[in-house]
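Shown next, in structure tokens, is the structure this report addresses.
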Amino acid sequence: MLRFLTAGESHGRALVVVIEGLPAGLTLTVEEIGDELARRRLGFGRGPRMRFERDELALLGGVRHGRTLGSPVAIEILNTEWPKWEQEMSPAPGRTEKPLTQPRPGHADLTGMRKYGFDDARDVLERASARETAARVAAGACAKALLRELDVDVISHVIQMGPVVAKSGKRPTPGELAQVDESPVRCFDPEAEQALIAEIEATAKVGDSLGGVVEVLGYGVPVGLGSHVHWDRKIDAMLGQALMSIQAVKAVEIGEGFEVASRRGSDAHDPILWDGADYQRPSDLAGGVEGGMTTGGLLVARAAMKPLATLNRPTLKTVDVVTKEETVSFKERTDVTAVPAMGVVAETMVALVLANEALRKFGGDSVAEVVRNRDAYVATLG
């Protein structure tokens, strides 16, 4: 079983993630994890912090000479802006001189303050911030490394931002991921790319924000990950939970989930064919999942992100929790959109789910044993 736990706040000293369950012998380096973290900072419409912020990270445990030991892996991601925040975010006893008392609609601020009895929104927003996803991406880099040993690749691309939708229907392959990342909006459709950039620019001019949709694709996913037996073992249920856990994601679909709801049954399912060697699906309406299990086809999942609730021109009405007077929400550093970066985080969450289920299915204390078990299983499918 693969599981991970993150700790840390947006402007704290560091983020930390501990990943338990990685088999021994997995090649893992700081550089490889750093490459994934760099991808998270991509995207037209990100704020200035993304242009100068660096992710300085260290492997604290679980790796020796570039290979995992089978023990928990601990990763630290330092905050290069910590000197600016050391007093405000100090863990030592004290109290801030600048409490935030105008909670932002659409954020965790007010509900978190009421739940925990806080009188300062920063006690909530620092942990609720999407900065936490950097720790997830570090964990996801480990999961992707394991999946590559099993010939599985997880990639993503942006298919919508605001009202602009990529209509080509083209899907990138793993070999074309670099092309996706080179796009300012991580879109695989060159025609839609320019329209997306124009929409971001128009939104930025009025100080507003923009949401969108990313599509995550799993190539080489073997048959039978997940289970039809229990509700919490269904692969689509686990994918839904993982993707919905990403900050600002409000909807998830597997395959053509929403679209097939408007069809009749005769036109809503993937036919099963035999090509002389294996079963084939000529379509992927189900997104590579049937009955809570992967079919062996292309895995397709989409996540929809709402527009960011912190605006460069604050206009959202709120109430000061001290005076109870109507005001507008305060402004923290924000982006016009974070949809391209959210795609990288979505890859992370899908990879972690698939890696966990691969370990549950195949087992093994070392990478070599996991691969042997996978190969033996695949041989039985013929």
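All values derive from a computational prediction rather than experimental measurement.
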State whether the side chain of [X] and the backbone N or O of [Y] hold a donor-acceptor pair below 3.5 Å, judged by distance alone.
X    : Y    : value
E193 : D189 : no
T294 : P222 : yes
E176 : T173 : yes
D153 : P174 : no
N356 : L2   : yes
Y377 : V223 : yes
E126 : S10  : yes
T68  : G70  : no
T348 : V344 : yes
T111 : A108 : no

Shortest non-hydrogen contact between [X] and [Y], atoms and distance:
X    : Y    : result
A134 : L37  : O-CD2, 3.2 Å
E36  : A141 : CG-CB, 3.8 Å
A309 : P105 : CB-O, 3.1 Å
A139 : I19  : CB-CG1, 3.8 Å
A145 : E32  : CB-OE2, 3.7 Å
L22  : C142 : CD1-CB, 3.7 Å

Residues [X], [Y]: salt bridge by 4.0 Å N-O rule:
X    : Y    : value
R186 : E347 : yes
R95  : D120 : no
E191 : K170 : no
D109 : R127 : no
R263 : E259 : yes
R39  : D181 : yes
R171 : D284 : yes

In sequence, state the C-alpha distance, the side-chain angles, and the governing distance for R114 and D119, and then conclude on salt bridge (charged side-chain N to carboxylate O under 4.0 Å, His left out).
CA-CA 8 Å; R114 300 184 76 184; D119 57 6; over 6 Å; no
Might you work through the side-chain contact (heavy atoms from CB on, under 4.5 Å) test for F4 and V18, ending with a clear yes or no?
CA-CA 5 Å; F4 71 100; V18 177; over 6 Å; no
Contact check, side chains of [X] and [Y], non-hydrogen atoms, under 4.5 Å:
X    : Y    : answer
V345 : V137 : yes
E199 : L196 : no
V321 : M113 : yes
S366 : L26  : no
S245 : M349 : yes
T310 : H107 : yes
I235 : V353 : yes
K250 : M244 : no

Quick one about [Y] and [X] (side-chain donor to acceptor, distance below 3.5 Å, no hydrogens or angles considered), yes or no?
X    : Y    : answer
S227 : R360 : no
E215 : S156 : no
S90  : Q87  : no
S283 : D270 : yes
S329 : Q102 : no
T295 : R281 : no
T327 : D320 : no
R104 : T318 : no

Inter-residue atom distance M293.CE - K234.NZ, 0.5 Å rounding
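Here the interatomic distance stands at 7.5 Å.
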Taking [atom1] in [X] as the centre, count heavy atoms belonging to other residues, nucleotides or ligands within less than 6.0 Å. Is the count above 12?
X    : atom1 : result
W231 : CH2   : no
D375 : CG    : yes
E88  : CD    : yes

Students often mix this up, so state it plainly: with edges at 30° and 60°, are the rings of W85 and H11 parallel, tilted or perpendicular?
parallel
Using the rule given for side-chain hydrogen bond (donor to acceptor under 3.5 Å, both in side chains), can you reason through R40 versus T133, listing the C-alpha separation, both sets of side-chain angles and the distance that settles it, and then say yes or no?
CA-CA 9 Å; R40 175 186 165 273; T133 61; 3.0 Å; yes
Show your reasoning for whether salt bridge (charged side-chain N to carboxylate O under 4.0 Å, His left out) applies to R13 and E81.
CA-CA 8 Å; R13 182 187 297 274; E81 289 193 287; over 6 Å; no
Trace of the side-chain contact (heavy atoms from CB on, under 4.5 Å) decision for Y219 with V152:
CA-CA 6 Å; Y219 287 90; V152 177; over 6 Å; no
Sole candidate of L308, V164, I200 that passes side chain to side chain contact (heavy atoms under 4.5 Å, CB included) when paired with L210:
I200
Given N79 and L15, is the side-chain contact (heavy atoms from CB on, under 4.5 Å) satisfied, shown in steps?
CA-CA 8 Å; N79 176 13; L15 295 172; over 6 Å; no
Given side-chain hydrogen bond (donor to acceptor under 3.5 Å, both in side chains), test T80 with E56 step by step and report yes or no.
CA-CA 8 Å; T80 57; E56 297 182 4; over 6 Å; no
With side-chain contact (heavy atoms from CB on, under 4.5 Å) as the test, would you mind laying out the steps for E369 and F362 before giving the verdict?
CA-CA 9 Å; E369 185 179 5; F362 305 126; over 6 Å; no
Does E201 form a salt bridge (charged side-chain N to carboxylate O under 4.0 Å, His left out) with K205? I'd like the steps, not just the answer.
CA-CA 6 Å; E201 292 174 333; K205 285 181 180 179; over 6 Å; no
